[in-house]
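Presented below is the structure to which this report refers.
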Amino acid sequence: MTATPRPGLRDVSPYVSPQLTVTARLNTNECPLPLPQGFADELADEIASLPLNRYPDAQMTRLREELATSVGHPFDGTWAANGSNEILTQLLQAYGGAGRLAAVFEPTYLLHSRIAWLTQTGVVSLSLDDGFTLSREAIATAIGANPDVVFVCSPNNPTGNAQTPDAVASLAGRTHALVIVDEAYIEFGGATCLPLVGEHPNVVITRTMSKAFALAGARIGYALGAPDVIDDMQRVRLPYHLSAITQAAGVAAIRHAKEAMAILDAIRDERDRILAALRSLPDVTVYPSDANFVLFVPPKPASEVWQGLVDRGVLIRDLSSVVPNALRVTAGTTHEVDLFLSALEEVLAA
Ligand SMILES: *Cc1c(COP(=O)(O)O)cnc(C)c1O
C-alpha cells in the first residue's frame, strides 16, 4: 500500500537554494568570513563541557537573558529558535492556522508565504510600490483584507531596501493582526522597528544570527515582542526545541558580538562597491540596498547571465521568479566581489 499525503503537498517542491562548487559563493547572503578563531575555540570548550545526557534548559534562560540584555528588551519578550525560519513558523502556528489569513507585500522573501502554507494559513498577496516601499495605499489594502498576520520584511529580501518605522507603526496602529517585522538584515542598515513594540504590542521583530553574526550553520534566530506574544509561542513550541549546543553557541556569539559587528563595515563597503560598479554598467538596473546584497536587472536574460557567471566560478541567485529578470548578489570578500564584477563584465560583453 502507498500512503496519501496532504492534498497539494506533491505540487510543492522542497525549498532549495542550489549549491554548486564554485570559487565565489554569493547566493545565500551569508557572512563570507569564518568565525574568529578565539570564538571557535571557546565554543568547542563550552560544548565539550555540556551535560548532553540531560535535556537542555527548555526556557533557554541564559541565551534569552544575553539576547535581551544585548538588544535592550525585556527577558519575557525575548525568544529563540532554530533559525528565524523556526521563529516565523512558531508565530504562524500561534497566530495563523486553518481559516486564518496572512498578508505579504511582494516582492519579498518566499519563505513567508511558504511558512503560511506549511501552517495551513491562507495568504493574501499585496504589492509594494515601484520603489518597493510600503505605500499608504498598500497599508490601506492590507488593513482592508482583514488579515490575522501581516509580514513586513525590512530590509526586504530580495529588493534590499528597508521600510520606515513610521509606515509600520501606521499599519500596526490600525489592525488587530500580528505584524511580523522580519529584520534578518537589520545589522547592515535601515531603522529597526523594535521601539514600536512598547506602544504596539501586536508588533513582533524577528532576527537571525545567520547573516551578520556569521553563524548560518548554527541555526539561531530570535523574536523580540510583547510578553503575551512570547507566551503564545511557548504554547506551540516543541519540547526542548533548541538544543543545549545551539544555546551555548548563541551565548558565545553574543559574547563575541563586537568582533562580528567589526566586520560589518567591510561588508557594507563591498556592497557599496557592487552598487557603484553595477550603476556604471550600461542598461543595468540596480536597486538601492540597506542589506548585504544587491538586486539588479541585467540587459540580457537573467538565466543566461546566471549561467555565464557559474561558468566563470561565481554563484549568485536567480530571482526572476520574484522580480522579473532580476539577479541578487551577496556582498562577499573583496576578492569574491572582484571575481563577480569581472565575470559579469565578460558575460555582458559576450
Ligand atoms: C536569511 C533570511 C532569514 C534567516 O533565516 P534563518 O532561518 O535565521 O537562517 C529570515 N528572513 C529573511 C528575509 C532572510 O533573508
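Both ligands and their constituent atoms are indexed starting at 1 by order of listing. Counting begins at 1 with the first residue of the sequence.
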Quiz item: When rounded to the nearest 0.5 angstrom, what distance separates OG1 in Thr159 from OH in Tyr109?
Solution: 14.0 Å

Exercise. Any chance you could measure Ile186, atom CD1, to Ile205, atom CD1, to the nearest 0.5 Å?
Key: 8.5 Å

Self-check item: atom 7 (O) of ligand 1: the protein heavy-atom neighbour that sits closest, reported with distance to 0.1 Å
Solution: Arg219 NH2, 2.7 Å

Exercise. For atom 3 (C) of ligand 1, find the nearest protein heavy atom and state the residue, atom name and distance (0.1 Å precision).
Key: Lys211 NZ, 3.4 Å

Of all the heavy atoms in [X], does at least one lie under 4.0 Å from an atom in ligand 1?
| X | value |
| --- | --- |
| Cys153 | yes |
| Gly83 | yes |
| Asp182 | yes |
| His112 | no |

So does [X] pair up with [Y], basic N to acidic O under 4.0 Å?
| X | Y | result |
| --- | --- | --- |
| Glu30 | Arg25 | yes |
| Arg271 | Asp290 | no |
| Arg62 | Glu65 | no |

Number the atoms of ligand 1 from 1 as they appear, then name those within less than 4.0 Å of a heavy atom of [X], with their elements.
| X | answer |
| --- | --- |
| Ala184 | 2 (C), 3 (C), 10 (C), 11 (N), 12 (C), 14 (C) |
| Thr208 | 6 (P), 8 (O), 9 (O) |
| Ser210 | 6 (P), 8 (O), 9 (O) |

Self-check item: Passing candidate, ring pair (Phe, Tyr, Trp, His ring centres under 6.0 Å) with Phe293, options Phe188, Tyr287, Tyr185, Phe340
Solution: Tyr185

Self-check item: Minimum side-chain heavy-atom gap Asn156-Leu128 below 4.5 Å
Solution: yes

Side chain or backbone of [X] under 4.0 Å from ligand 1, or both, or neither, by non-hydrogen atoms?
| X | answer |
| --- | --- |
| Glu86 | neither |
| Ser84 | both |
| Met209 | neither |

Exercise. Would you list the pairs meeting ring pair (Phe, Tyr, Trp, His ring centres under 6.0 Å) in which at least one residue belongs to residues 24-77, sequence neighbours left out?
Key: Phe39-His256, Tyr55-Tyr240

Self-check item: Minimum heavy-atom distance between Val322 and Pro158, given as atom pair plus value
Solution: CG1-CG, 3.9 Å

Self-check item: Asn29 N/O to ligand 1 N/O under 3.5 Å
Solution: no

